[in-house]
Amino acid sequence: MSKKVSALDMPDVPMGQLPEHLNRQRTRVTCNADAPIHTDAVHYSGAYSLMGVDNSMGLEKFSKNFKVEIVRLSEDEIEFDMIGIDASLANAFRRILIAEIPTMAIEKVLMVNNTSLIADEVLSHRLGLIPLDADPRLFEYLSENDVPNERNTIVYKLEVSCKKDSPRNTVKTSQLKWLPNGSELEMATLDKSAKVKSYTSFSCSQDSLPEISKKPLGVKHDDIIIAKLGPGQAIELEAHAVKGIGKVHAKWSPVASAWYRMLPEVVLLTEVKGQDAEKLVNKCPVNVFDIEDLGHGDKKAVVANPRACTLCRECIRGVNEELVELGRVKHHFIFTIESTGALSPEELFIEAVKILEEKCDRLLSELS
Amino acid sequence: MEGILLFAMEHGSLSDLSASTFSLMDEDHTLANSVRFTLNQENMDSSVVGCMGCALRHNFYAYDMWTVRPRVVFCGYSIPHPSDNKVNIRVQTTGTISSSLSDPAKDVLKDALENLTQMCQLVRSTFGKTVDDFKVKNQ
């Protein structure tokens with residue numbers, strides 16, 4: 001691969017197939033010591049038309065080549081491989097996961113009493129960032145003109161105080177109480193004879209609704225510290241949670257984070273034996289290489305774990321270091337999604353794909 | 001002037017429909033880059049191709065050169081200003097010699113969107129199946 005061959009000496013490639021070096025350019029990013037090359041994806045269907053090669057990815061070809069392999073799946077986290085997909089789609093899914101999947105988060109805080117050291121707005125900001133254990137698909141959006149009701153709002157109450165002559169106490173999220181019947185505070189009106197209105201109009205209790213009664217709507221983690229109270233201080237407030245997306249405010253982002261990386265490919269260009277093999281194995285901080293015993297005390301280096309490669313380039317640094325070629329496989333993505341708890345990570349990915357489909361459908365209906 | 005739609009507007013010549021710019025509101029790189037990818041993949045139906053110089057369509061199986069018949073000459077997107085939520089997608093299509101047989105850019109864009117939708121459905125079903133298999137295997 002590093003030897004230069006004259007164009008007239010290259011072996012004949014049958015029409016309809018790409019020669020080896022072009023195929024390598026098309027499918028791999030080569031990470032040289034100074035910078036990566038061939039990073040662009042060759043998208044255009046007619047890019048290799050003079051060679052008779054169809055570069056397009058039709059639906060049949062896509063369905064044949066597309067694979068998903070799950071490495072790790074737990075309640076909060078998933079790591080899986082997507083093979084045969086392009087970077088533009090993978091990035092679209094990542095962007096949607098971070099910014100466009102709706103979640104529930106506290107938006108309005110009605111302060112009754114706050115004598116703690118944490119200012120009102122700081123306390124409200126902290127309440128907004130608490131991850132709630134509520135499935136956003138069961139709720140509707142609340143817009144400016146809507147009335148808050150049991151279908152679009154979740155109401156929580158926080159009422160804590162610290163008695164005089166007692167030590168400082170900590171306010172944790174376990175003390176946020178869910179009010180399934182809606183707001184308990186009354187709206188102030190000048191008209192004394194009018195019926196007393198509360199801030200929300202729940203027509204029925206939320207825990208009577210079939211989907212919600214299966215699991216009470218609390219917070220996901222009980223031990224997050226909201227504030228600390230000294231003796232004689234108290235906090236009394238009501239918090240209303242609504243549905244929103246991460247684009248508007250990061251509190252509505254359903255993932256701790258979601259990211260992907262391309263599959264690393266490490267190729268030994270020559271046979272590395274003996275002392276050089278030991279040196280190479282020791283250079284790599286993540287143990288990509290390993291020693292293989294050939295018998296008679298002979299050792300050779302092999303690539304044991306290319307997936308762990310972090311592209312630190314230690315193995316190609318220095319003079320005369322042409323033993324290894326580092327690269328990335330272009331259509332193979334290792335996705336990791338860490339959920340904050342409202343939706344499980346595999347559900348999150350499916351929602352992200354659904355949202356991309358909805359965007360396409362919306363545009364299609366506009367154009368027709 | 002084209003009819004004003006809420007989320008998308010097409011700017012182009014009324015006589016030559018093969019090239020136009022689509023201005024989308026409330027969109028960003030997420031959709032635009034994915035659509036650019038599927039637009040680049042657009043090929044003509046392999047069995048039927050317009051013949052040069054006449055309005056009939058012939059089968060060109062024997063003609064090896066034309067195994068690849070892309071429909072798109074140029075496609076790209078730009079975001080005029082990052083503070084505005086607008087994306088401009090430019091599509092220029094090939095089409096044949098006589099302009100009455102050329103693909104209007106709108107149709108190519110619609111086909112690309114359909115393709116993207118089908119790809120997403122495939123991703124979703126493959127992923128769902130793999131997760132179910134994994135859960136069953138690792139009870």
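The sequence lines fix the lettering, A, B, ..., with proteins before strands; numbering per chain opens at 1.
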For a quick test of reading the model, state the closest non-hydrogen atom pair linking Met262(A) to Phe333(A) and the distance between them.
CG-CE2, 3.7 Å
Using a cut-off of under 4.5 Å for heavy-atom pairs, which of Val35(B), Val72(B), Asn115(B) has the most such pairs with chain A?
Val72(B)
Taking atom CD1 of Ile89(B) and atom CG of Leu31(B), what is their separation to the nearest 0.5 Å?
6.0 Å
Count the heavy-atom pairs under 4.5 Å between each of Asp361(A), Asn91(A), Leu73(A), Ile78(A) and chain B, then report the option with the highest count.
Leu73(A)
Who wins among Ile350(A), Leu89(A), Leu356(A), Asp86(A) for the most heavy-atom pairs under 4.5 Å with chain B?
Asp86(A)
As an exercise: rank Thr126(B), Leu116(B), Val123(B), Val131(B) by heavy-atom pairs under 4.5 Å with chain A and give me the winner.
Val123(B)
Are Phe80(A) and Phe134(B), when compared by the centres of their aromatic rings, separated by less than 6.0 Å?
no
Arg307(A)/Glu79(A) ion pair, N-O < 4.0 Å
yes
Chain B interface, residue from Glu358(A), Glu357(A), Lys359(A) that has the most non-hydrogen pairs under 4.5 Å:
Glu357(A)
Select one option (side chain, backbone, both, neither) describing which atoms of Lys135(B) are under 4.5 Å from chain A's heavy atoms.
side chain
Could you list the donor-acceptor pairs under 3.5 angstrom formed between side-chain atoms of residues 104-114 of chain B and any protein atom two or more places apart in sequence or on another chain?
from      : atom 1 : to        : atom 2 : distance (Å)
Lys106(B) : NZ     : Leu367(A) : O      : 3.3
Asp111(B) : OD2    : Arg71(B)  : NH2    : 2.5

On a heavy-atom basis, which atom in Ala8(B) and which in Leu363(A) lie closest, and how many Å separate them?
CB-CD1, 4.0 Å
Bottom line for Arg94(A): the part with an atom under 4.5 Å from chain B's heavy atoms is neither
Is chain A contacted by the side chain of Glu42(B), its backbone, both, or neither, given a heavy-atom distance below 4.5 Å?
backbone
Portion of Asp26(B) that has a non-hydrogen atom of chain A nearer than 4.5 angstrom
both
Whether Lys243(A) side chain and Phe139(A) backbone form a donor-acceptor pair below 3.5 Å
yes
